[in-house]
Each structure stands twice: as structure tokens, then as C-alpha cells.
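Written below as C-alpha cells is the structure these notes are about.
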2 protein chains.
Amino acid sequence: MAEKVTIADVARYANVSRQTVSNVLNSPEVVREETRRRVREAVRVLGYRASQAARQMRTGRSRLIAARIEPAQQDGINGSVFDRFLHGLTESAARAGYRVLLYTADDHDAELATFDDLLGVYVPDAFVLTSTDYGDPRAAWLLEQRIPFVTFGRPWGVPPDQKYPWVDVDGAAGTATATRHLLAAGHRRIAFLGWPEGSGVGDDRRSGWARTLAEAGIGPDELSELDHRTEDGVPEGAAAVTALLAAGRPVTAVVCVSDSLAIGALQAGGDVAVIGFDDTPVARAVGLTSVSQPLGEAAARCVALLTDMLDGDAARRRSHGDAAPPDDDTGAPANTSVNQGAGARGPSRTTTSGDSPAHVLLEPTLVHRRSA
Amino acid sequence: MAEKVTIADVARYANVSRQTVSNVLNSPEVVREETRRRVREAVRVLGYRASQAARQMRTGRSRLIAARIEPAQQDGINGSVFDRFLHGLTESAARAGYRVLLYTADDHDAELATFDDLLGVYVPDAFVLTSTDYGDPRAAWLLEQRIPFVTFGRPWGVPPDQKYPWVDVDGAAGTATATRHLLAAGHRRIAFLGWPEGSGVGDDRRSGWARTLAEAGIGPDELSELDHRTEDGVPEGAAAVTALLAAGRPVTAVVCVSDSLAIGALQAGGDVAVIGFDDTPVARAVGLTSVSQPLGEAAARCVALLTDMLDGDAARRRSHGDAAPPDDDTGAPANTSVNQGAGARGPSRTTTSGDSPAHVLLEPTLVHRRSA
DNA sequence: TAGTCCGTCTTGAACGATCAAATCTTGAAA
DNA sequence: TTTCAAGATTTGATCGTTCAAGACGGACTA
């Protein structure tokens with residue numbers, strides 16, 4: 001257990017005051033070049049790390065980002081999506097000098113209580129919300145408390161006065177790509193296996209399929225005939241496809257709103273091309289073509305939006321000072337290059353219009369496998 | 001943003017000193033009944049929460065448990081196992097007044113560096129290590145630094161002078177149960193599809209199968225003929241079963257060391273009963289019988305072992321004091337009933353022999369589905 | 001020469017809790 | 001009544017950092 005080195009130790013070693021050491025770490029531009037070097041050397045030699053607790057006490061920032069780890073879902077197939085996101089979040093946050101604090105909650109009310117609890121004790125600097133949907137009270141609560149947060153998932157049916165930053169993947173674009181792929185392969189009778197109306201994510205994904213088929217000249221009547229809705233689940237998917245196959249004109253391909261349904265569709269047998277959504281491990285295992293969300297990228301964007309809000313002022317202030325990249329590896333506030341790469345990298349649309357918060361819409365990709 | 005209430009505010013409101021408030025929260029037994037009541041009321045009315053940062057500064061404890069979130073594995077099938085464990089860990093930790101802090105690391109060296117980093121800045125009170133295997137340097141490092149930790153996974157090939165608490169699931173018992181199930185169903189030619197020798201987990205699981213078949217009168221020659229080793233993966237599993245079926249005497253059932261291999265085995269076709277390991281979502285989706293680890297229980301045991309080490313002294317001291325269950329909902333050190341239910345609940349063996357650290361070995365269960 | 005400003009560095013206070021030791025209360029024994 | 005110990009409560013110091021304000025020297029201006 002290394003005896004802890006304090007800022008006073010460093011100051012003594014470098015023959016300066018505590019505050020100067022602090023300045024070297026946090027606002028290097030106000031310190032003379034030579035002093036800076038001396039202090040940095042002392043930091044290196046003594047192996048100094050800033051104590052997060054002490055810093056938090058003075059500044060009120062914890063450098064923690066809270067995220068919820070979701071309970072395993074019904075069949076657990078889609079759970080892995082969130083886990084991959086969480087992994088990316090942890091990595092990106094670490095790069096920006098933040099850590100991810102986990103919490104659980106069974107429902108929205110419990111989650112609000114947990115917010116309150118966390119804020120009272122650990123005081124995370126920000127929250128990342130996932131699985132947003134209609135009637136979600138969490139964003140409103142956080143807005144009211146003025147706690148910074150980002151959602152992974154668009155605001156669905158949120159009053160227009162509630163504005164906040166978000167990152168999402170363009171589900172409609174994903175299903176559109178999937179549908180185009182099937183059209184190009186010669187299919188005409190392409191069904192959509194979706195969730196019951198009323199889910200933001202589900203309706204969005206359906207729209208991409210519908211739009212693409214409409215553009216290909218499929219009329220509204222045929223479209224609604226091809227549009228099948230059911231609860232999520234493997235057996236549900238199997239039943240749905242069985243029904244579709246038994247119906248009048250045969251369906252030759254199915255675009256599914258989830259891999260669960262798609263797996264079911266495959267199991268139903270029959271000569272049907274199937275495309276799933278989310279590219280879960282199951283899809284890989286059974287050779288299911290699926291729409292893949294760029295989860296690592298999404299997580300990185302979430303962190304970028306958060307650091308904009310959290311370190312924004314500091315970073316902007318710093319960028320006026322001229323020299324010396326503050327390459328602190330001492331646990332001092334990391335200076336993420338704000339909006340780092342958030343511009344024109346990869347297929348995505350970032351909007352930062354005026355005073356309303358930024359949001360990012362990412363494009364998913366289609367992963368081709370045996371099933372279509 | 002609720003204006004923060006400090007211990008001084010509570011003291012003023014209750015007409016006592018700061019220290020008395022602190023005592024009510026941390027050592028209630030030294031405070032007179034009536035004062036205690038008055039302070040508790042003040043805490044309630046003002047909505048006081050102890051600041052973790054301030055507390056950590058004085059006591060050195062962060063009430064954080066660090067755990068690594070693993071990168072998605074090759075095919076991601078087994079990844080979900082860890083995620084379920086992590087979920088349980090977060091829940092159990094919260095119940096004990098701790099939070100889970102995530103980190104990532106690509107290899108052991110990077111992980112050691114991250115340990116160092118975390119300990120320098122956030123100073124988690126303990127670590128939970130997963131995926132332990134031969135030559136794992138992490139435990140030794142933490143032991144040397146005298147940082148409390150638990151591993152989920154037995155110490156494989158660890159020098160006998162390195163003792164530390166662990167929790168694990170009895171893999172051999174799992175494969176034994178699976179094998180017995182197949183024997184009971186009339187199978188005699190039961191192969192084992194395992195990983196190459198040298199993996200602690202893999203060899204353990206193999207041993208359960210081997211032992212059971214031996215007990216059933218299968219000779220060593222036939223046993224080694226039935227013992228098949230390959231890298232993990234769906235295609236690998238398919239190839240292995242194809243080979244087994246092509247061989248001389250036909251195999252009628254396969255016990256697999258992982259669901260990945262089992263899925264492959266199923267895909268190979270042929271009339272073979274298949275049992276996997278880990279009961280991943282994929283297994284559920286495709287109807288694969290699989291050995292299920294009690295991951296929530298395992299996580300709870302990990303937390304129990306940790307709180308024994310961390311709050312042990314405090315909890316023991318407290319349990320001598322007579323009355324007043326310190327029902328603090330104020331963020332004060334939670335008083336977990338030590339070893340709560342860690343005794344004779346469920347099928348498991350807990351060992352706390354003398355001075356060596358406790359460990360827990362849990363029994364997995366077989367989840368029956370179509371495949372066997 | 002004095003005054004002002006700027007760049008650089010230092011000093012004291014504060015964040016909110018707990019520890020250690022001092023002080024005040026109370027009640028029983030002498 | 002005095003004495004003393006145990007019980008209950010308070011006081012002062014401290015954890016390690018950053019903020020706010022001040023000190024110091026030199027350059028530049030008036």
C-alpha cells in the first residue's frame with residue numbers, strides 16, 4: 001500500500017507552494033515554463049496522484065458518470081446490446097478522465113429514487129440513460145434538478161420544452177438498408193415482423209421498411225398486409241412467420257425488429273430470407289443476417305456530449321491559453337479535445353443548432369450472413 | 001439541485017454538536033436515546049445525506065468496489081454470463097452500501113496498470129476479479145498491495161502461500177449432473193466436447209464428466225476415445241461433432257464445456273443429444289439443455305466475503321452494542337448482517353477454516369430443454 | 001520618480017466529515 | 001457532602017485539494 005503522496009510533498013520537493021503545483025496540473029499556462037518543468041519532474045519522481053476525494057470536496061465534481069445496468073431481459077437476447085454499449089462507455093469515459101458507476105433499478109420510480117440516493121452520496125457528475133421510451137419520467141426529473149445527462153435513445157414523445165442532448169442509432173435507416181438488400185436479391189414479398197405500435201424504437205424501425213417498400217412501388221394495401229405485429233420473443237417470431245406463410249400470397253423474406261423475433265422466424269422453417277436487428281451473439285451463432293448498431297461509437301458520442309457540458313467551460317477557457325498540451329497523467333481533470341472527432345467522421349449526423357443541445361444520429365450497418 | 005445539507009446543519013437543528021450527529025449515524029450506541037431520536041428527526045426533516053467525498057477524506061474508505069467489464073468475447077456467446085454476474089454484483093453491493101465502479105483492460109498488464117491508476121485516484125475499497133486462470137498475476141499484485149479482493153473463480157495453480165477468498169461454481173458437479181442425466185436417458189456413448197488441456201475451468205468441467213462415466217463402468221480407453229478437445233467456437237463445435245459421428249462407434253450424446261460448442265454441435269445435425277454449459281440466452285433461444293450457474297448467488301457471496309473483510313471490524317464491534325438497529329438510510333456505513341445467509345442456504349459449500357480466507361463453491365443446475 | 005499593470009508565486013481559508021481528546025453530567029460509593 | 005468513574009456531549013485538529021486574495025519584482029507608462 002504505497003504511502004500516499006500529497007500535493008504538499010510535491011511542493012516541498014519542487015520548492016514551490018501547494019498552489020503552484022495545483023496550477024501546473026490544472027492551469028499550466030499561468031506557471032512559468034521552468035517552474036512547470038520542475039513541478040512535473042517532482043510529480044513524476046514522487047508518483048503523485050491527485051486524490052479524487054479531496055478534489056471533489058473542493059470542486060464538487062466527482063468525475064463519475066452513473067449508468068444503469070439493466071436486468072437480464074425476458075429471453076436475454078437483446079441484453080447483450082446494452083452490455084456492449086456499457087463496455088464502450090467505460091472505455092470512452094476512462095479516456096476522458098471519467099469512471100462509470102453502476103446502479104440498478106427495476107422500474108422508473110425506483111430509478112428516480114436511486115438518482116436521489118446517488119446524488120446525495122456519491123454525486124456523479126452526469127447520468128447516461130438508456131432504453132428511453134414514451135412517458136419516461138427520468139429525463140424530466142434530471143432536467144428539473146439540473147443534472148447533466150445524455151440519453152442513448154431519442155426523446156420519444158417528450159414535450160418540446162424539454163430539450164436535452166441525445167445519441168441514437170437510426171433504426172429506420174437500418175431497416176431500409178435491410179429491405180433494399182432483400183429487394184436487390186429479387187424479393188418482392190418482404191414482410192416486417194415488428195412490435196405492437198406505440199414503441200418509439202419499434203415504430204421507427206418499421207418506418208424504414210415501409211418507406212423503402214413504398215419507394216419500390218408497393219401499394220399501401222399490400223404494405224399493411226405485410227406488416228405483422230407481435231410481442232418480442234423467439235416463439236412469437238416462429239408463430240408469426242408460420243402465420244405469414246400460411247396466408248394467401250406467400251412471403252419470401254422477413255425484416256425483423258429484433259434478433260429474438262428473427263431467430264424465431266428462422267426456426268419456423270420454410271424458405272424465407274430473414275434479417276434481424278442488433279447483431280447479437282445469437283445472430284452470429286446461427287448465421288442470421290442482422291442490422292448492427294455502432295455501439296462503441298454511440299458510447300463515445302455520449303461521453304463527448306457529456307464532457308462538452310461538464311468540462312466545456314474549463315476546456316474553452318484553456319484553449320485560449322497558448323502553449324503546453326496539459327498532458328496530465330496524474331488524475332487531474334483530463335482535457336478532452338472537445339468534440340473530438342465528433343464532426344465528419346463516419347456515417348452520422350451531428351446537430352448542434354443554436355442553443356438547443358446537440359444530438360447525434362448514427363447509421364447502423366447490415367452484417368451479411370447465411371439467412372439472407 | 002437540492003442545496004446541500006451538511007452535518008453542521010443537522011447539528012444546529014437538533015441542538016447538538018457535529019460530533020453527536022456523526023455518532024448517531026456511525027455509533028448510535030454511545031448516544032442517549034432521546035438525543036438519538038432528536039438527531040434522527042433532524043436528519044429526516046432536513047433530508048441530510050452524508051457526503052461520501054468528505055467521509056472518504058477522513059476515513060480513507062470510498063465504499064466503491066471495482067470490477068472489470070470484459071470486452072465482448074470472440075463470438076460473444078459467453079459474454080452474457082459475466083454481464084449477469086455484474087448485474088448481481090451491483091445489486092448486492094448496493095444492498096451492502098457499496099457501489100460498483102467499472103473499468104476495462106485488454107490484458108493482465110493493462111489491468112495491473114489500471115489497478116494502480118484507480119488506487120491512486122478513486123481508491124476503491126476492494127476489487128472483484130473474474131476470469132481467473134493459470135498464471136494470473138492480478139491476485140498476487142493485489143495481495144502484495146494488501147488491497148482486499150475476491151475472485152469469482154478458483155485460484156488455478158496459485159502458489160499455496162497466496163491465499164485469498166474466492167467464490168466459484170462447481171463446474172465438475174455441473175457436467176456430472178449433465179452426464180448422469182444422459183445416462184438415465186439411456187445413453188452410453190457420451191462424448192465430452194472440451195477446450196484444450198490447461199484451462200482450469202475447462203479441465204474441471206471435463207473431470208465431472210469423466211468421473212461420472214467411470215462410475216458408470218466406462219473404461220479408460222473408451223473414455224479417452226470419447227474425450228474431444230478443441231478451441232471454443234460454434235464452427236469448432238460443429239466440426240468436432242461431425243468428426244465424432246464419422247468415427248467408428250457412434251456417439252449418441254455430447255456434453256459440452258460451453259454453449260458455443262454446444263450450438264455448433266446442434267448445427268452439425270445428426271441424432272445427438274447435446275448439453276451445453278452456462279445457459280446463455282442463445283441456449284434458451286435454440287432450445288439447448290444447458291448447465292446454469294447461479295450467478296446472482298455467486299455475486300451476493302462475493303459481496304458478503306468483501307463486506308466481511310471491509311466492515312468486519314466495525315460490524316463486529318457494533319454487534320456487541322445492544323439495541324437500536326442502525327437503520328441508516330443516510331449513506332452512512334451500511335450495517336450488513338455479516339455472513340447474512342451465507343451458511344446453510346441452498347446447495348453450496350462455504351469453508352472458513354481457521355485463518356485461511358473463506359471460499360464458497362456453488363452448485364450449478366441443469367436446465368432441461370429440447371436438445372437432451 | 002512615482003504609478004500602474006502584468007506575470008508569477010504564496011498564503012490563508014474553506015469544502016464536510018471523523019478522530020482524539022477535553023469537558024461537562026450524572027449517579028453511586030465512600 | 002465529597003470523590004470518582006462512567007456516560008454523554010463538545011471542541012479542536014485534520015484529511016488533501018482548490019479558491020480567493022495578496023505579495024513581489026520588473027517593465028512599461030506618465
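Just so it is clear: chains get the letters A, B, ... in the order the sequence lines come, proteins before strands, and each one is counted from 1.
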Pair S131(B), E70(B): side-chain N/O donor-acceptor within cut-off below 3.5 Å:
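Yes - a donor-acceptor pair under 3.5 Å links their side chains.
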Interatomic distance, [X] [atom1] vs [N] [atom2] [rounded to whole Å]:
X: Q52(B); N: dT18(C); atom1: CD; atom2: C1'; value: 13 Å
X: N26(A); N: dG16(D); atom1: CG; atom2: P; value: 17 Å
X: K4(B); N: dA17(C); atom1: NZ; atom2: C1'; value: 14 Å
X: E33(A); N: dG7(C); atom1: CD; atom2: C1'; value: 15 Å
X: E29(B); N: dT9(D); atom1: CD; atom2: C1'; value: 15 Å
X: I7(B); N: dT18(C); atom1: CD1; atom2: P; value: 5 Å
X: R63(B); N: dA17(C); atom1: CZ; atom2: C1'; value: 14 Å
X: R36(B); N: dA8(D); atom1: CZ; atom2: P; value: 9 Å

By nearest heavy atom, map V31(B) and A54(B) onto DNA chain D; which one lands nearer the 5' end?
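Checking each residue's closest nucleotide, the 5'-ward one belongs to V31(B).
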Can you tell me which residue among F152(B), Y164(B), W166(B) is in a ring-ring contact (aromatic ring centres under 6.0 Å, His included) with H359(B)?
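The ring-ring contact (aromatic ring centres under 6.0 Å, His included) with H359(B) is passed solely by W166(B) among F152(B), Y164(B), W166(B).
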Please determine if a side-chain N or O atom of R32(B) lies less than 4.0 Å away from the OP1 or OP2 oxygen of dT9(D).
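True: R32(B) side-chain N/O within range (under 4.0 Å) of dT9(D) OP1/OP2.
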With a 4.0 Å cutoff (strictly under), does any side-chain N or O of T35(B) reach OP1 or OP2 of dT9(D)?
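Checking dT9(D) against T35(B), a side-chain N or O does come within under 4.0 Å of OP1 or OP2.
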Over-ring placement of R68(A) relative to Y103(A), 6.0 Å and 45° cut-offs:
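Not satisfied by the 6.0 Å and 45° rule.
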If you take any heavy atom closer than 4.0 Å to DNA chain C, which residues from residues 14-23 of chain A end up in contact?
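Heavy-atom contacts with DNA chain C come from V16(A), S17(A), R18(A), Q19(A), T20(A).
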Can you give the dot-bracket line for DNA chain D, where a pair is Watson-Crick or G-U wobble with both atom distances under 3.5 Å, crossing pairs use [ ], and | marks a partner on another strand?
||||||||||||||||||||||||||||||
Applying salt bridge (Lys or Arg N to Asp or Glu O under 4.0 Å), name anything that partners R44(B), two or more places apart in sequence or on another chain.
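Partners of R44(B) by the salt bridge (Lys or Arg N to Asp or Glu O under 4.0 Å) criterion, ordered by chain and then number, come out as E41(B).
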Among dT8(C), dG16(D), dA17(C), which nucleotide sits nearest the side chain of A50(B)?
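When the side chain of A50(B) is considered, dA17(C) is the closest of dT8(C), dG16(D), dA17(C).
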Can you list everything that forms a ring-ring contact (aromatic ring centres under 6.0 Å, His included) with Y122(A)? Sequence neighbours excluded, please.
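Partners of Y122(A) by the ring-ring contact (aromatic ring centres under 6.0 Å, His included) criterion come out as none, since no residue qualifies.
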What residues form a side chain to side chain contact (heavy atoms under 4.5 Å, CB included) with T104(A), not counting sequence neighbours?
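Checked T104(A) against side chain to side chain contact (heavy atoms under 4.5 Å, CB included); matches are I69(A), H87(B), T90(B), E91(B).
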Verify whether the ring centers belonging to W141(B) and F115(B) lie closer than 6.0 Å.
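They qualify: ring centres under 6.0 Å apart.
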Could one point to a donor on the side chain of R58(A) or the base of dT17(D) with an acceptor on the other under 3.5 Å away?
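When only heavy-atom distances are counted, R58(A) does not reach the base of dT17(D) through any donor-acceptor pair under 3.5 Å.
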Around atom CG of D106(B), are there more than 12 heavy atoms from other residues, nucleotides or ligands closer than 6.0 Å?
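It does not: D106(B) CG has 12 such atoms or fewer within range.
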Side chains of residues 8-15 of chain B: which donor-acceptor partners sit under 3.5 Å, not counting sequence neighbours?
unit_1: D9(B); atom_1: OD1; unit_2: R12(B); atom_2: NH1; d: 3.4
unit_1: D9(B); atom_1: OD2; unit_2: T6(B); atom_2: N; d: 2.9

